[in-house]
Amino acid sequence: MPLTFSKNSLFSIVVLSISIVVALLMGEGILRIKNSSMKNYDIEMWRYARELKVRSDDPALDFEHRKNKSAVLQNVDIRLNEWGLRGGPVVPAGADTRRILFLGASTTLGWGVPEDETVEMQLERRLAAAGVHAQVLNAGVGNYNAERYVSRFFKQLTGLNPTDIVVQYFMRDAEDLQSSRGNFFMRNSELAVTLWIAYHRLLDRFGDSDLVARYRKVYDPNQPGFVVMEQELEKLSQYAEEHGIRLYFMMIPDVHDLVDYKFTFVHDIMRKFAKANGYAYVDMLPAMSGLRPEEIWAMPGDPHPNAFAHKLMADALFPLIVRPTVQGALEK
(Lines give C-alpha, C1' and ligand atoms only; values in the text may rest on other atoms or scores of the structure.)
Protein backbone atom coordinates (compact mmCIF):
# COMPACT_ATOMS: atom_id res chain seq x y z
CA MET A 1 0.00 0.00 0.00
CA PRO A 2 2.74 2.58 0.83
CA LEU A 3 4.50 1.78 -2.50
CA THR A 4 1.28 2.37 -4.47
CA PHE A 5 0.73 5.66 -2.68
CA SER A 6 4.28 6.76 -3.44
CA LYS A 7 3.91 6.00 -7.15
CA ASN A 8 0.59 7.85 -7.34
CA SER A 9 2.05 10.82 -5.50
CA LEU A 10 5.07 10.95 -7.80
CA PHE A 11 2.83 10.72 -10.86
CA SER A 12 0.64 13.56 -9.54
CA ILE A 13 3.68 15.73 -8.86
CA VAL A 14 5.05 15.11 -12.37
CA VAL A 15 1.67 15.89 -13.99
CA LEU A 16 1.28 19.03 -11.88
CA SER A 17 4.81 20.18 -12.70
CA ILE A 18 4.30 19.65 -16.42
CA SER A 19 0.96 21.47 -16.28
CA ILE A 20 2.55 24.46 -14.52
CA VAL A 21 5.41 24.61 -17.02
CA VAL A 22 3.00 24.37 -19.97
CA ALA A 23 0.76 27.08 -18.46
CA LEU A 24 3.74 29.38 -17.89
CA LEU A 25 5.01 28.81 -21.44
CA MET A 26 1.54 29.52 -22.82
CA GLY A 27 1.30 32.67 -20.71
CA GLU A 28 4.72 33.80 -21.94
CA GLY A 29 3.73 33.14 -25.56
CA ILE A 30 0.41 34.96 -25.26
CA LEU A 31 2.10 37.98 -23.66
CA ARG A 32 4.76 38.13 -26.37
CA ILE A 33 2.10 38.07 -29.07
CA LYS A 34 0.07 40.73 -27.26
CA ASN A 35 3.12 42.93 -26.66
CA SER A 36 4.33 42.68 -30.25
CA SER A 37 2.27 45.83 -30.90
CA MET A 38 4.98 47.68 -28.88
CA LYS A 39 2.30 49.57 -26.95
CA ASN A 40 3.12 48.17 -23.52
CA TYR A 41 5.33 50.87 -22.00
CA ASP A 42 6.77 48.68 -19.23
CA ILE A 43 7.72 45.87 -21.61
CA GLU A 44 9.26 48.29 -24.10
CA MET A 45 11.44 49.77 -21.35
CA TRP A 46 12.42 46.21 -20.40
CA ARG A 47 13.35 45.54 -24.04
CA TYR A 48 15.37 48.76 -24.08
CA ALA A 49 17.43 47.45 -21.15
CA ARG A 50 17.92 44.09 -22.90
CA GLU A 51 18.73 45.33 -26.38
CA LEU A 52 20.52 48.65 -25.97
CA LYS A 53 22.09 48.53 -22.51
CA VAL A 54 25.00 46.57 -21.10
CA ARG A 55 26.28 46.11 -17.57
CA SER A 56 28.98 48.71 -16.86
CA ASP A 57 32.34 47.86 -15.34
CA ASP A 58 31.94 51.10 -13.39
CA PRO A 59 29.66 50.60 -10.37
CA ALA A 60 28.87 54.33 -10.33
CA LEU A 61 27.15 53.93 -13.72
CA ASP A 62 25.66 50.44 -13.11
CA PHE A 63 24.83 50.12 -16.83
CA GLU A 64 25.52 52.03 -20.03
CA HIS A 65 24.51 52.12 -23.68
CA ARG A 66 25.83 49.59 -26.14
CA LYS A 67 27.81 51.24 -28.92
CA ASN A 68 26.82 51.10 -32.60
CA LYS A 69 23.53 49.34 -31.87
CA SER A 70 19.93 50.09 -32.75
CA ALA A 71 16.48 48.79 -31.92
CA VAL A 72 12.86 49.60 -32.65
CA LEU A 73 11.23 50.31 -29.29
CA GLN A 74 7.67 51.54 -28.81
CA ASN A 75 7.53 51.72 -32.64
CA VAL A 76 10.39 54.24 -32.69
CA ASP A 77 13.87 53.54 -34.06
CA ILE A 78 16.61 54.26 -31.52
CA ARG A 79 20.12 54.08 -32.93
CA LEU A 80 23.29 54.49 -30.88
CA ASN A 81 26.59 55.60 -32.34
CA GLU A 82 30.25 54.91 -31.53
CA TRP A 83 30.01 57.04 -28.36
CA GLY A 84 26.77 55.42 -27.19
CA LEU A 85 24.91 58.63 -28.06
CA ARG A 86 21.55 58.55 -29.78
CA GLY A 87 21.97 59.43 -33.43
CA GLY A 88 24.43 59.00 -36.27
CA PRO A 89 28.24 59.03 -36.14
CA VAL A 90 29.89 62.08 -34.63
CA VAL A 91 31.73 63.93 -37.39
CA PRO A 92 34.70 66.24 -36.77
CA ALA A 93 33.68 69.77 -35.82
CA GLY A 94 35.09 72.75 -37.68
CA ALA A 95 36.73 75.68 -35.92
CA ASP A 96 33.53 77.72 -36.23
CA THR A 97 31.21 74.86 -35.18
CA ARG A 98 29.60 74.78 -31.77
CA ARG A 99 29.19 71.32 -30.26
CA ILE A 100 26.22 71.25 -27.89
CA LEU A 101 26.00 68.18 -25.65
CA PHE A 102 22.76 67.22 -23.87
CA LEU A 103 23.07 65.28 -20.60
CA GLY A 104 20.11 63.61 -18.94
CA ALA A 105 17.96 60.51 -18.70
CA SER A 106 15.08 59.14 -20.79
CA THR A 107 13.55 62.54 -21.61
CA THR A 108 16.89 63.64 -23.04
CA LEU A 109 17.17 60.37 -24.95
CA GLY A 110 13.77 61.15 -26.42
CA TRP A 111 11.98 57.99 -25.34
CA GLY A 112 8.98 57.41 -27.60
CA VAL A 113 9.98 60.28 -29.91
CA PRO A 114 11.43 59.80 -33.43
CA GLU A 115 15.05 60.91 -33.64
CA ASP A 116 14.45 63.87 -35.95
CA GLU A 117 11.74 65.20 -33.60
CA THR A 118 13.81 65.17 -30.41
CA VAL A 119 14.77 68.47 -28.80
CA GLU A 120 18.35 67.96 -29.98
CA MET A 121 17.49 67.63 -33.66
CA GLN A 122 14.83 70.35 -33.55
CA LEU A 123 17.33 72.70 -31.94
CA GLU A 124 20.04 71.82 -34.48
CA ARG A 125 17.67 72.67 -37.35
CA ARG A 126 16.68 75.95 -35.70
CA LEU A 127 20.34 76.91 -35.30
CA ALA A 128 21.15 75.97 -38.90
CA ALA A 129 18.26 78.10 -40.14
CA ALA A 130 19.72 81.01 -38.13
CA GLY A 131 23.10 80.50 -39.82
CA VAL A 132 24.77 78.91 -36.77
CA HIS A 133 27.11 75.98 -37.44
CA ALA A 134 26.32 73.56 -34.62
CA GLN A 135 26.30 69.88 -33.78
CA VAL A 136 23.74 68.96 -31.13
CA LEU A 137 24.57 65.63 -29.47
CA ASN A 138 22.24 63.46 -27.41
CA ALA A 139 23.89 61.71 -24.43
CA GLY A 140 20.62 60.79 -22.70
CA VAL A 141 20.44 57.35 -21.05
CA GLY A 142 17.18 56.01 -19.66
CA ASN A 143 17.06 55.38 -15.88
CA TYR A 144 20.07 57.56 -15.15
CA ASN A 145 20.15 60.20 -12.43
CA ALA A 146 22.41 63.27 -12.16
CA GLU A 147 25.18 61.27 -10.50
CA ARG A 148 25.24 58.80 -13.38
CA TYR A 149 25.02 61.14 -16.34
CA VAL A 150 27.62 63.55 -14.95
CA SER A 151 29.92 60.63 -14.05
CA ARG A 152 29.50 59.27 -17.56
CA PHE A 153 30.48 62.63 -19.01
CA PHE A 154 33.74 62.75 -17.05
CA LYS A 155 34.61 59.11 -17.67
CA GLN A 156 33.53 58.68 -21.30
CA LEU A 157 32.53 61.91 -23.05
CA THR A 158 35.04 64.69 -22.30
CA GLY A 159 36.76 63.76 -25.57
CA LEU A 160 33.81 65.26 -27.43
CA ASN A 161 35.06 68.70 -26.35
CA PRO A 162 31.65 70.38 -26.18
CA THR A 163 31.36 74.15 -26.37
CA ASP A 164 27.98 74.01 -24.61
CA ILE A 165 26.39 71.52 -22.20
CA VAL A 166 22.66 71.32 -21.53
CA VAL A 167 21.61 69.44 -18.40
CA GLN A 168 18.01 68.29 -18.80
CA TYR A 169 17.00 67.78 -15.21
CA PHE A 170 14.03 65.81 -13.88
CA MET A 171 12.89 65.32 -10.29
CA ARG A 172 14.17 61.74 -10.16
CA ASP A 173 17.69 62.96 -10.85
CA ALA A 174 18.30 63.54 -7.14
CA GLU A 175 17.21 60.04 -6.10
CA ASP A 176 19.75 57.58 -4.72
CA LEU A 177 19.47 54.80 -7.33
CA GLN A 178 20.51 51.30 -6.39
CA SER A 179 22.21 48.77 -8.66
CA SER A 180 19.68 46.59 -10.51
CA ARG A 181 21.31 43.25 -11.29
CA GLY A 182 18.03 41.37 -11.75
CA ASN A 183 17.89 37.61 -12.26
CA PHE A 184 17.55 35.11 -15.11
CA PHE A 185 13.74 35.23 -15.18
CA MET A 186 13.52 39.02 -14.99
CA ARG A 187 16.08 39.35 -17.77
CA ASN A 188 14.41 36.88 -20.11
CA SER A 189 10.69 36.55 -19.37
CA GLU A 190 7.95 39.05 -20.19
CA LEU A 191 5.64 37.09 -17.90
CA ALA A 192 8.03 37.46 -14.96
CA VAL A 193 8.36 41.20 -15.62
CA THR A 194 4.58 41.59 -15.88
CA LEU A 195 3.99 39.73 -12.60
CA TRP A 196 6.71 41.75 -10.85
CA ILE A 197 5.19 45.04 -12.03
CA ALA A 198 1.67 43.94 -11.00
CA TYR A 199 2.96 42.93 -7.55
CA HIS A 200 4.68 46.27 -6.94
CA ARG A 201 1.70 48.26 -8.15
CA LEU A 202 -0.47 46.33 -5.72
CA LEU A 203 1.96 47.18 -2.91
CA ASP A 204 1.91 50.85 -3.93
CA ARG A 205 -1.86 50.91 -3.41
CA PHE A 206 -1.36 50.09 0.25
CA GLY A 207 1.96 51.83 0.78
CA ASP A 208 3.22 55.39 0.62
CA SER A 209 1.61 56.69 -2.56
CA ASP A 210 2.03 60.36 -1.67
CA LEU A 211 4.52 61.55 -4.30
CA VAL A 212 4.68 65.02 -2.80
CA ALA A 213 5.84 63.63 0.53
CA ARG A 214 8.24 61.31 -1.26
CA TYR A 215 9.92 64.13 -3.18
CA ARG A 216 10.02 66.43 -0.19
CA LYS A 217 12.10 63.70 1.43
CA VAL A 218 14.27 63.27 -1.69
CA TYR A 219 15.01 67.03 -1.68
CA ASP A 220 15.89 67.15 1.99
CA PRO A 221 19.45 68.62 1.90
CA ASN A 222 20.67 65.77 4.12
CA GLN A 223 19.51 62.95 1.82
CA PRO A 224 22.45 61.02 0.26
CA GLY A 225 21.05 61.26 -3.27
CA PHE A 226 20.54 65.01 -2.98
CA VAL A 227 24.05 65.54 -1.62
CA VAL A 228 25.64 63.53 -4.45
CA MET A 229 23.50 65.29 -7.07
CA GLU A 230 24.72 68.69 -5.88
CA GLN A 231 28.33 67.51 -5.75
CA GLU A 232 28.26 66.13 -9.30
CA LEU A 233 26.57 69.18 -10.82
CA GLU A 234 28.98 71.48 -8.97
CA LYS A 235 31.88 69.44 -10.35
CA LEU A 236 30.45 69.87 -13.86
CA SER A 237 30.15 73.61 -13.27
CA GLN A 238 33.79 73.87 -12.20
CA TYR A 239 34.93 71.87 -15.24
CA ALA A 240 32.88 74.07 -17.56
CA GLU A 241 34.37 77.23 -16.09
CA GLU A 242 37.91 75.87 -16.49
CA HIS A 243 37.28 74.86 -20.12
CA GLY A 244 35.18 77.80 -21.29
CA ILE A 245 32.02 75.71 -21.74
CA ARG A 246 28.62 77.39 -21.62
CA LEU A 247 26.19 75.66 -19.24
CA TYR A 248 22.39 75.45 -19.38
CA PHE A 249 20.05 73.86 -16.85
CA MET A 250 16.65 72.85 -18.24
CA MET A 251 14.12 71.90 -15.56
CA ILE A 252 11.62 69.32 -16.87
CA PRO A 253 8.33 69.15 -14.93
CA ASP A 254 6.58 65.92 -14.00
CA VAL A 255 3.99 65.53 -16.77
CA HIS A 256 1.51 63.31 -14.89
CA ASP A 257 -0.59 66.31 -13.84
CA LEU A 258 0.26 69.70 -15.31
CA VAL A 259 -3.15 71.15 -14.50
CA ASP A 260 -2.84 70.87 -10.72
CA TYR A 261 0.95 70.80 -10.43
CA LYS A 262 2.32 70.02 -6.97
CA PHE A 263 6.09 70.06 -7.38
CA THR A 264 6.99 73.73 -7.76
CA PHE A 265 9.06 73.40 -4.58
CA VAL A 266 11.51 71.20 -6.52
CA HIS A 267 11.76 73.84 -9.26
CA ASP A 268 12.47 76.53 -6.66
CA ILE A 269 15.27 74.48 -5.10
CA MET A 270 16.91 73.68 -8.43
CA ARG A 271 16.56 77.21 -9.81
CA LYS A 272 18.50 78.59 -6.84
CA PHE A 273 21.10 75.84 -7.16
CA ALA A 274 21.53 76.32 -10.92
CA LYS A 275 21.95 80.09 -10.72
CA ALA A 276 24.40 79.78 -7.82
CA ASN A 277 26.56 77.46 -9.92
CA GLY A 278 26.69 79.34 -13.19
CA TYR A 279 24.00 77.52 -15.16
CA ALA A 280 21.64 79.47 -17.41
CA TYR A 281 18.32 78.28 -16.00
CA VAL A 282 15.36 77.34 -18.22
CA ASP A 283 12.14 76.12 -16.59
CA MET A 284 9.71 74.26 -18.86
CA LEU A 285 6.78 74.43 -16.43
CA PRO A 286 5.39 77.75 -17.75
CA ALA A 287 5.34 76.44 -21.33
CA MET A 288 3.78 73.10 -20.37
CA SER A 289 1.44 74.17 -17.58
CA GLY A 290 -2.18 73.16 -18.15
CA LEU A 291 -1.44 70.55 -20.82
CA ARG A 292 -3.36 67.29 -20.51
CA PRO A 293 -1.74 63.83 -20.80
CA GLU A 294 -3.19 63.24 -24.26
CA GLU A 295 -1.49 66.45 -25.42
CA ILE A 296 1.97 65.80 -24.04
CA TRP A 297 2.49 62.07 -23.31
CA ALA A 298 4.44 59.93 -25.78
CA MET A 299 1.52 57.47 -25.80
CA PRO A 300 -1.25 56.38 -23.39
CA GLY A 301 0.42 54.85 -20.35
CA ASP A 302 3.80 56.43 -21.10
CA PRO A 303 4.42 59.67 -19.18
CA HIS A 304 7.35 60.82 -21.30
CA PRO A 305 7.21 64.13 -23.19
CA ASN A 306 6.15 63.68 -26.82
CA ALA A 307 7.43 65.42 -29.98
CA PHE A 308 5.27 68.49 -29.28
CA ALA A 309 6.85 68.81 -25.83
CA HIS A 310 10.30 68.46 -27.40
CA LYS A 311 9.42 71.33 -29.73
CA LEU A 312 8.53 73.45 -26.70
CA MET A 313 11.93 72.60 -25.21
CA ALA A 314 13.74 73.60 -28.40
CA ASP A 315 11.75 76.84 -28.53
CA ALA A 316 12.76 77.66 -24.95
CA LEU A 317 16.44 76.86 -25.42
CA PHE A 318 17.02 78.45 -28.81
CA PRO A 319 17.11 82.13 -27.71
CA LEU A 320 19.63 81.36 -24.96
CA ILE A 321 21.88 79.15 -27.06
CA VAL A 322 21.92 81.35 -30.16
CA ARG A 323 22.74 84.46 -28.09
CA PRO A 324 26.51 83.79 -27.65
CA THR A 325 26.86 83.35 -31.42
CA VAL A 326 25.01 86.61 -32.08
CA GLN A 327 27.07 88.43 -29.45
CA GLY A 328 30.29 87.03 -30.93
CA ALA A 329 29.32 88.23 -34.39
CA LEU A 330 28.55 91.72 -33.08
CA GLU A 331 31.93 91.92 -31.31
CA LYS A 332 33.90 91.13 -34.49
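- Between Leu160 and Leu85, some side-chain heavy-atom pair lies under the 4.5 Å cut-off.
- Smallest separation of non-hydrogen atoms from Arg66 and Val54: CG-CB, 4.0 Å.
- The salt bridge (charged side-chain N to carboxylate O under 4.0 Å, His left out) check on Arg152 picks up nothing, with sequence neighbours excluded.
- Aromatic rings from Tyr248 and Tyr281 are positioned such that their centres are separated by 6.0 Å or more.
- Residues meeting the salt bridge (charged side-chain N to carboxylate O under 4.0 Å, His left out) test with Glu44, sequence neighbours left out: Arg47.
- With salt bridges taken as basic N to acidic carboxylate O contacts below 4.0 Å, none links Asp220 and Lys217.
- Going from atom CD1 of Ile100 over to atom CZ of Arg246 covers 8.0 Å, rounded to the nearest 0.5 Å.
- Judged as a side-chain contact (heavy atoms from CB on, under 4.5 Å), and not counting sequence neighbours, Gln238 has no contacts.
- Residue pairs meeting the ring-ring contact (aromatic ring centres under 6.0 Å, His included) criterion with at least one partner in residues 126-145, sequence neighbours excluded, are Phe63-Tyr144.
- Residues Pro303 and Val255 come closest through the heavy atom pair O-CG2, 3.4 Å.
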Name each donor-acceptor pair under 3.5 Å that joins a side chain in residues 228-237 to protein atoms two or more places apart or in another chain, with its distance.
from   : atom 1 : to     : atom 2 : distance (Å)
Glu232 : OE2    : Lys235 : NZ     : 3.4
Ser237 : OG     : Asn277 : O      : 2.4

Residues 107-114 side chain polar contacts: donor-acceptor under 3.5 Å, at least two apart:
from   : atom 1 : to     : atom 2 : distance (Å)
Thr108 : OG1    : Gln168 : OE1    : 2.9
Trp111 : NE1    : Gln74  : OE1    : 3.2
Trp111 : NE1    : Asp302 : OD2    : 3.3

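- The salt bridge (charged side-chain N to carboxylate O under 4.0 Å, His left out) check on Asp257 picks up nothing, with sequence neighbours excluded.
- The CD atom of Gln135 sits 12.5 Å away from atom CZ of Arg98, with the distance rounded to the nearest 0.5 Å.
- Applying the side-chain hydrogen bond (donor to acceptor under 3.5 Å, both in side chains) test to pairs two or more places apart or on separate chains, those with a residue in residues 77-88 are Arg79-Glu115.
- Residues passing the salt bridge (charged side-chain N to carboxylate O under 4.0 Å, His left out) test with Glu124: none are found, sequence neighbours excluded.
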Distance-only criterion, 3.5 Å: show the donor-acceptor pairs between side-chain atoms of residues 285-292 and protein atoms not counting sequence neighbours.
from   : atom 1 : to     : atom 2 : distance (Å)
Arg292 : NE     : Glu294 : OE2    : 2.9

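- Taking each heavy atom of Ala316 and Val282 in turn, the nearest pair found is CB-CG1, 3.8 Å.
- Applying the ring pair (Phe, Tyr, Trp, His ring centres under 6.0 Å) rule to Phe273 yields no partners; only residues at least two apart in sequence or on another chain are considered.
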For the pair Lys311 and Asp315, evaluate salt bridge (charged side-chain N to carboxylate O under 4.0 Å, His left out) and give the outcome as yes or no after the intermediate values.
CA-CA 6 Å; Lys311 177 184 179 301; Asp315 290 345; 2.9 Å; yes
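- Close placement of the Tyr261 and His267 rings is indicated, their centers lying within 6.0 Å of each other.
- A salt bridge is absent between Asp210 and Arg214; no separation between the charged side-chain nitrogens and carboxylate oxygens falls under 4.0 Å.
- For Ala49, the side-chain contact (heavy atoms from CB on, under 4.5 Å) partners are Lys53, not counting sequence neighbours.
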